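The analysis underlying the following values was restricted to heavy atoms, covering all of them including side chains, and did not include hydrogens, waters or symmetry mates. On a predicted model such as this, the values are computed, not experimentally measured, just so you know.
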Amino acid sequence: IVGDRANSSFNESSNNNDEPLSDYFSSESLFLHLTNFTKMKTLQLSSLGLWGAISSKLGRLTDLETLNLTSNFFTGVLPNRLTSLQSLRVLSLDNNRLNGTIPQRINSLQNLSVLTLANNEMNGAIPSSISDLIHLQDLDLSSNLFSSHLPPSFFSLPSLISLNVARNYLTGELPQNLTFSESLIRIDVSYNLLTGRLPAEISAIHF
């Protein structure tokens with residue numbers, strides 16, 4: 001289900017629908033009802049004005065392959081129980097108001113190919129355990145509050161095509177001896193606090 005109540009904080013074409021649903025709405029109740037569909041493989045609820053926390057009850061949908069809750073008003077942290085969804089291939093939570101850190105156990109999602117958390121308020125260090133996701137193709141953590149260093153191992157993820165960590169507070173230097181994946185065609189590390197020179201190997205990337 002895709003609506004027109006986009007989160008106007010990240011949508012230039014704002015309109016009168018750019019606000020959450022009423023106070024009578026309960027996301028917890030909605031998610032509880034959705035867990036009755038135990039064989040569900042795809043759940044997309046985008047631009048609907050949904051608000052509240054992302055319920056840990058979604059961890060009951062063990063067959064889920066795609067979870068897309070983009071452009072809503074969800075707040076709070078990512079439930080650790082989401083990392084138990086072993087069949088998950090796509091996790092897209094862009095354009096919300098999520099905070100907290102990425103669970104260290106994110107590497108248990110071994111089938112994940114898309115992880116997009118852009119335009120939230122997430123913070124802390126980006127866990128190096130993401131480097132264990134050997135099928136990951138698209139990683140977008142842009143426009144958050146992530147700090148600390150960017151794990152060098154991200155650049156050598158064997159299936160990674162696009163890496164976007166722009167508009168955060170990442171610090172330090174990119175190592176000069178980085179190993180880049182042959183599949184990588186897009187890197188965006190702009191608008192951070194990085195220092196030093198670009199690695200010489202950057203010329204091997206086909207932009």
Side-chain angles (χ1 to χ4, degrees), residues 1-3 6-7 10 27 30-48 50 53-72 74 76-98 100-120 122 125-144 146 150-151 153-166 168 180-188:
I1 304 174
V2 180
N7 189 336
F10 309 107
S27 60
L30 172 63
F31 287 131
L32 180 60
H33 285 293
L34 288 172
T35 58
N36 291 320
F37 300 95
T38 56
K39 299 300 182 183
M40 184 185 296
K41 292 185 179 296
T42 298
L43 175 58
Q44 179 175 4
L45 303 171
S46 299
S47 303
L48 296 174
L50 305 180
I54 296 177
S55 176
S56 62
K57 291 181 174 63
L58 289 175
R60 299 177 184 176
L61 299 174
T62 54
D63 289 341
L64 201 63
E65 296 179 358
T66 297
L67 177 59
N68 185 338
L69 303 177
T70 57
S71 298
N72 285 292
F74 287 114
V77 301
L78 289 184
N80 278 315
R81 197 170 175 188
L82 288 184
T83 62
S84 66
L85 298 174
Q86 299 294 313
S87 299
L88 203 62
R89 297 178 182 275
V90 176
L91 178 57
S92 293
L93 305 175
D94 310 293
N95 300 339
N96 281 285
R97 297 175 180 174
L98 299 171
T101 59
I102 299 176
Q104 187 68 32
R105 291 186 60 246
I106 193 75
N107 61 345
S108 64
L109 302 177
Q110 281 296 303
N111 290 309
L112 205 62
S113 61
V114 175
L115 175 59
T116 57
L117 303 173
N119 295 325
N120 279 285
M122 302 190 70
I126 299 175
S128 58
S129 58
I130 291 178
S131 303
D132 298 329
L133 301 174
I134 60 174
H135 299 294
L136 195 63
Q137 297 180 2
D138 185 1
L139 176 60
D140 189 348
L141 307 178
S142 61
S143 299
N144 277 282
F146 292 118
L150 180 64
S153 50
F154 283 10
F155 295 95
S156 57
L157 276 165
S159 302
L160 195 64
I161 296 173
S162 176
L163 170 64
N164 188 353
V165 291
N168 280 287
F180 291 98
S181 167
E182 292 183 358
S183 62
L184 192 59
I185 60 174
R186 180 176 185 267
I187 301 172
D188 192 345

Rounded distance [0.5 Å steps], CG in N36 versus CZ in R60: 8.5 Å
Working for side-chain contact (heavy atoms from CB on, under 4.5 Å), residues L157 and L163: CA-CA 10 Å; L157 276 165; L163 170 64; over 6 Å; no
Distance, nearest 0.5 Å, that separates CG of L112 from CG of D138: 10.0 Å
Side-chain donor/acceptor of D140 to backbone N/O of A118, under 3.5 Å: no
Under 3.5 Å side-chain donor-acceptor pair for N68 and T70: yes
Any donor-acceptor N or O pair under 3.5 Å, side chains S46, S71: no
Audit row: K57, L34, side-chain contact (heavy atoms from CB on, under 4.5 Å) steps and yes/no: CA-CA 9 Å; K57 291 181 174 63; L34 288 172; over 6 Å; no
Reported CG-to-CD1 distance for the pair L160 and I134, which is rounded to 0.5 angstrom: 13.0 Å
side-chain contact (heavy atoms from CB on, under 4.5 Å) assessment of T83 paired with S108: CA-CA 6 Å; T83 62; S108 64; 3.4 Å; yes
L93 and its side-chain contact (heavy atoms from CB on, under 4.5 Å) partner, picked from L78, L115, N119: L78
N/O donor-acceptor pair under 3.5 Å between D132 side chain and I130 backbone: no
Spacing of S84 atom OG and L58 atom CG [to the nearest 0.5 Å]: 10.0 Å
N/O donor-acceptor pair under 3.5 Å between N80 side chain and P103 backbone: no
Short side-chain donor-acceptor distance under 3.5 Å, S159 and S183: no
Step-by-step side-chain contact (heavy atoms from CB on, under 4.5 Å) determination, I126 to F154: CA-CA 10 Å; I126 299 175; F154 283 10; 3.5 Å; yes
Backbone N/O of Q86 and side chain of N111: donor-acceptor pair under 3.5 Å: yes
Pairwise distance CG(L150) to CD1(I187) - rounded to 0.5 angstrom: 9.5 Å
Heavy-atom donor-acceptor pair, S113 side chain to R89 backbone, under 3.5 Å: yes
Pairing residues for D63 by the salt bridge (charged side-chain N to carboxylate O under 4.0 Å, His left out) criterion, not counting sequence neighbours: K39
